[in-house]
Amino acid sequence: MDEMSVITLMVELISIVGTVAVIVGRGLAVILNTYKHKDNSRYDSVSDTEVAPRTTTKPATGYQFSDEEEETKREVRSAKDKRFEELKNIMKNMNNHKKIKDMANVLQDFEDLAKAYVKTKKVIEQTGIPRFYIKCLVELEDFISEMWEDREGRKQMSKPNSKGLTTLRQKLRKYMRDFEDDIKAYRENPDAEEEELQAESEDEEDVEVVPSIKPKAADGFLKPIDKAAAEADDDDDDDSLWGSDHESSSSSDDELPSVGGLRQYTAAMFLKKTGEEASKEAEAKRIRKEEKAQKKKDSKKDEGEWTDVVKGAPHVIEKTVMFAKDTEVNHEAVMKKLTEIISARGKKSTDRNEQIELLHELATIANTNNLGPAVQVKIMFNIVAAIYDYNPNIATCMRSEMWEKCIKNVGDLLDLIANNADITVGENILEDSENVEASPYRVRGCILTVVERMDEEFTKMLQACDAHSTEYVDRLKDETVVCEMIEKLQAYLEGKATTEEMCRIYLKRIEHTYYKFDHTIVDGTATEDPTREVMQQLCKFIHAKDNSDRLRTRAMLCHIYHHALHNRWYQARDLMLMSHLQDTIQHSDIPTQILYNRTMVQLGLCAFREGMIRDSHNALVDIQSGGRAKELLAQGLLLQRQHERTPEQEKIEKRRLLPYHMHINLELLECVYLVSAMLMEIPYMAAHEFDARRRMISKNFHHVLRLSERQTLPGPPESMREHVVAASKAMKKGNWKECQNFIINDKMNAKVWDLFYQKDRVRDMVTRKIQEESLRTYLFTYSSVYDSLSLVSLSEIKMIINEELMASLDEPTRTVVMHRTEPTRLQSLALQLSEKVSSLVDNNEKIMEFKQGNFGFQKTNQNYGGYQQNKDTWQGNKYQQNKDNWTGGSNKYQQNKDNWTGSRRNQNRQQRAY
């Protein structure tokens, strides 16, 4: 065989081998793919499972048959884990967007979270709402509330973020209604989740772990029984940092049964246990759990408890020792210790509550050692000052327990000063001149300032309470105690204090008295009027002795308010007019202006109760015309349309608000104003129906009428305003009965009229006024239709005497004869036209005079002067001649008018005689 044939044979063999290798490789690849498909189908057949690769491997290029090829690691997760992980991922994105305050994306995350929650409902029906979802909603609600309250931040937001914040706030409120109970439970105990997780972790520690047994290595799992070694190991583990893990493993090994001195796993361990064995095992678990908890408590006791680190410089918390064991407690030692305690006042690391307790303890020590009343007074002054300093924010009120301490200590201080006449207190006493050892005592301090501050704190306590809660009623009971303290202080200061201090304490008592109503005075059952005498005496002293306008103004306004509250209309009106406060009140401070507004309102209500309708309207028109009565009377804040208040302005205005028991009913006020306006405006509109220059008495009343006229389908009246409008329409027709039924009915009685003290008297007065004004309106409207009216009581209304009605009373026939002097509609329009033409002529003449006047150069030339003189003479003569002609014409008109009037009267006289 030659070389060429050998080479050819080798090439053929190589090609055959390559072909076989390719065929074998393809066959193996098919087998491998088939096995992989079966493996995947087995995992897919499991319900609610998912195959998720943890690590990724690069795709194999070509054919790989190596045994070292990496296998793909897979994890099987339940539907619960899958859905909860989706929720947590969305929450994570939401938290990231919340950090940068991207409200548009927060809104999108919230919508995605709601959709994902809907997908998770099947799982939630089985397991319950997850606590982390409720926590997310609560945190989102708090975040939105914080963003919404930051008004400055809202103004600086971009338009998408601002819109997203508003939309998210509305959607979240609506969405959280379905989780109200869960959210409430979470807010009450937000740490419950951590406790549950801790309990679960403790349970997991007690679970017995049974490792799998491999037959070939069974000997490796056998452990000889050695109780002493095990106990030693347990003791060592307790002292080590890793004792819990080793203890759990050793306890699980101890539970293995022993066979031939060795612990090993047997088939009996995996069989179902009987009831007795299960109960014994549960009891053993419980005992082990209790022992483990006891060991943890013992270790905590050995290590000591944890303390919270407070903000600021660290300081050692130690109880201050008042005096050493052998120290003599005398005046000098007590005053030195008092100075030491006071020196810590106002410092950042000072515990205010502890300082109050130290001062109380020092007062007890001084009282035990009988150091005298002056030392007690000095310490009591500092105790009250420390209580006032307990709340650093002056805009908020103190806590209830601190208020109880305050009122008790101020009362004790007043009793101590009042019962010891040899103690002199005052703010003008210097510390060097104090004398606390021997009588007469001198102590630096102002008791008047203490009581005034207590009264301010009492007002803030009432402002902070809910007006419709029992807490407000309980707190209001303290006013009796406060008033008693003020009276006691007044009795103490009389004869000792200066005129300025007496005016201050008198005004404080007036402010607690002026708004209180005494029904015995109005009824007339009381033989004496003590409050009136007290108010008269206190206000008279302030009017005479006060040097500042503020105290005198406030005392006078309170006096007027008190008069008006008890129906003393003429005294209140005269005092208001003589004081001229309406001219200077705009220069007073805002609290005084609020008191002025309250006084004018009470004056208007008093005038209405007394039947002075016009005076009532005039007193109330300024308060009611702007629609801001609630704000002007300091009974609440209104939303401002033009500009929003800054947070500082809102805080200041809230501090000016009055406590609820001093409020005036705003609906009653508005009803009185509208009824007064109706009784004045409707007859005036009827009398001046065709008057072009007719003025409006009440703009607010006209506005209410216009709003009712714009309604296409007005229904029966429901609110107070609608009742007054319906009554006004009935009065326009002269139907007084219908008008009365709209004003006085069960609904209006409950809303308005029953709020008056003498309600029947007020209702009778309103009925009488409605009858009078309805009759006047009827006569003004229909007087041109009648020749005579047989009304006996018409003369009592004085319409004829006041020349409101052109008529005369015929005594023999007891009738009213109408003179028919009222112009018709055509005559009224003609008169209006003549007035407009005359005003046009006057304006034209003024323009002509302006054009013809010499407003050019003013020269002293003789020729110019002669021309000016001639011009003035000509104009003067011409003007005088025209004036005389016009005067003669007017005289002639007057003469004709008198002749016509006289003939008309003679004619009427002759008709009556006939």
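When the ring pair (Phe, Tyr, Trp, His ring centres under 6.0 Å) test is applied to H566, the partners found at least two apart in sequence or on another chain are F517, H562. Residues forming a side chain to side chain contact (heavy atoms under 4.5 Å, CB included) with T592 (at least two apart in sequence, or on another chain): R550, T553, R554, L557, I585, S588, D589. Shown here are the salt bridge (charged side-chain N to carboxylate O under 4.0 Å, His left out) partners of R352, two or more places apart in sequence or in another chain: there are none. Judged as a salt bridge (charged side-chain N to carboxylate O under 4.0 Å, His left out), and not counting sequence neighbours, the contacts of R187 are E141, D142. Qualifying salt bridge (charged side-chain N to carboxylate O under 4.0 Å, His left out) partners for E427, counting only residues two or more places apart in sequence or in other chains: none. By the salt bridge (charged side-chain N to carboxylate O under 4.0 Å, His left out) test, R552 is found to be paired with D549, residues two or more places apart in sequence or in another chain being considered. Looking at residues two or more places apart in sequence or on another chain, you find a side chain to side chain contact (heavy atoms under 4.5 Å, CB included) between K460 and I394, C397, E457, Q463.
In K496, the NZ atom is crowded: over 12 heavy atoms of neighbouring residues, nucleotides or ligands sit closer than 6.0 Å. Heavy atoms of other residues, nucleotides or ligands lying less than 6.0 angstrom from CD of Q537 number 12 at most. Around the CD1 atom of I590, the shell of radius 6.0 Å holds no more than 12 heavy atoms that belong to other residues, nucleotides or ligands. For E146, the CD atom counts as loosely surrounded, since its 6.0 Å shell holds 12 or fewer non-hydrogen atoms of other residues, nucleotides or ligands. Residue-environment remark: NZ (K336) stays at or below the threshold of 12 foreign heavy atoms within 6.0 Å. Around atom NZ of K651, no more than 12 heavy atoms belonging to other residues, nucleotides or ligands sit under 6.0 Å away. Taking a 6.0 Å sphere around NZ of K545, one finds it holds 12 or fewer heavy atoms contributed by other residues, nucleotides or ligands. Heavy-atom contacts from other residues, nucleotides or ligands closer than 6.0 Å to CG of N393 number more than 12.
Salt bridge status for R345 with D389: present, with a side-chain N to carboxylate O gap under 4.0 Å. For the pair E650 and K654, the salt-bridge criterion is met [side-chain N within less than 4.0 Å of a carboxylate O]. Look at R504 and E501 and you find no salt bridge, because none of the NZ, NE, NH1 or NH2 atoms lies under 4.0 Å from a carboxylate O. With respect to D412 and K408, a salt bridge is recorded, a charged nitrogen being found less than 4.0 Å from a carboxylate O.
For the atom pair OH (Y388) and CD (E456), the distance works out to 9.0 Å, reported to the nearest 0.5 Å. In this structure, CG on L538 lies 9.5 Å from CG on L507, to the nearest 0.5 angstrom. With values rounded to the nearest 0.5 angstrom, I341 atom CD1 is found 11.5 Å from T350 atom OG1. Residue D546 holds its CG atom at 4.5 Å from SG of C503, rounded to the nearest 0.5 Å. Taken to the nearest 0.5 Å, the CG atom of D529 stands 7.0 Å off from the CG atom of D518. Here D574 contributes atom CG and R568 contributes atom CZ; the two are 13.0 Å apart, rounded to the nearest 0.5 Å.
Evaluation of the ring-ring contact (aromatic ring centres under 6.0 Å, His included) test over residues 413-437, restricted to residues two or more places apart or in two chains, returns none. Within the structure, salt bridge (Lys or Arg N to Asp or Glu O under 4.0 Å) pairs that include any residue of residues 362-373 do not occur (at least two apart or interchain). Among residue pairs with one or both ends in residues 346-376, none qualify as ring-ring contact (aromatic ring centres under 6.0 Å, His included); sequence neighbours excluded. Screening residues 400-428 for ring-ring contact (aromatic ring centres under 6.0 Å, His included), with sequence neighbours left out, gives W403-F458.
When all heavy atoms of C406 and M398 are compared, the pair lying nearest together is CB-SD, 4.3 Å. When all heavy atoms are compared, the tightest approach of M535 to C558 is CE-O, 3.8 Å. Q355 and I342 make their closest contact through NE2-CA, 4.2 Å (heavy atoms, listed as atom of the first residue, atom of the second, distance). Of all the heavy atoms in I429 and T424, the pair that sits closest is CD1-O, 3.6 Å. The nearest pair of heavy atoms linking L430 to S433 is O-OG, 2.9 Å. Closest approach of Y492 to A418, counting heavy atoms only: CD1-CA, 4.3 Å.
In this structure a side-chain-to-backbone donor-acceptor pair under 3.5 Å is present from N382 to K378. Side-chain atoms of N391 come within 3.5 Å of backbone N or O of T396 as a donor-acceptor pair. With N435 contributing its side chain and P440 its backbone, the two residues share a donor-acceptor pair below 3.5 Å. A donor-acceptor pair under 3.5 Å links the side-chain atoms of E434 to the main chain of R444, judged by distance alone. Although no hydrogens or angles enter the test, the distance criterion places no donor-acceptor pair under 3.5 Å between the side chain of S616 and the main chain of L605. One N or O on the side chain of N665 and one on the backbone of L668 form a donor-acceptor pair closer than 3.5 Å.
Ring-plane geometry between Y514 and Y561 is classed as perpendicular, the angle between the planes exceeding 60 degrees on a 0 to 90 degree scale with a lower cut at 30. Note on ring orientation: taking the six-membered ring where Trp is involved, the planes of Y660 and Y472 are perpendicular (angle over 60°, cut-offs 30° and 60°).
Taking 4.5 Å as the limit, some side-chain heavy atom of R475 sits within range of a side-chain heavy atom of L462. By the 4.5 Å heavy-atom criterion applied to side chains, E670 and L666 are not counted as neighbours. Residues T599 and M576 meet the side-chain proximity criterion, which asks for heavy atoms closer than 4.5 Å. Under the 4.5 Å side-chain criterion, counting only non-hydrogen atoms from C-beta, F381 is in contact with V425.
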Identify all side-chain donor-acceptor contacts of residues 624-636 below 3.5 Å with residues at least two apart in sequence or on another chain.
{"residue": "S625", "atom": "OG", "partner": "V621", "partner atom": "O", "Å": "3.0"}
{"residue": "S625", "atom": "OG", "partner": "D622", "partner atom": "O", "Å": "3.4"}
{"residue": "E631", "atom": "OE2", "partner": "R645", "partner atom": "NH2", "Å": "3.4"}
{"residue": "Q635", "atom": "OE1", "partner": "I664", "partner atom": "N", "Å": "2.8"}
{"residue": "Q635", "atom": "NE2", "partner": "I664", "partner atom": "O", "Å": "3.0"}

Evaluate salt bridge (Lys or Arg N to Asp or Glu O under 4.0 Å) for E610 paired with R573, printing each intermediate quantity in order. CA-CA 12 Å; E610 296 299 315; R573 182 199 63 180; over 6 Å; no
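In summary, of the residues considered (Q602, R598, H663, H661), a side-chain hydrogen bond (donor to acceptor under 3.5 Å, both in side chains) with Y515 occurs for H661 alone.
T480 and D478 share no donor-acceptor pair across their side chains, judged by distance under 3.5 Å alone. For the residue pair Q490 / E494, a side-chain donor-acceptor distance below 3.5 Å is found, with atom types taken as modelled. Between the side chains of R609 and Y757, no donor-acceptor pair of N or O atoms lies under 3.5 Å. For the residue pair S439 / D422, a side-chain donor-acceptor distance below 3.5 Å is found, with atom types taken as modelled.
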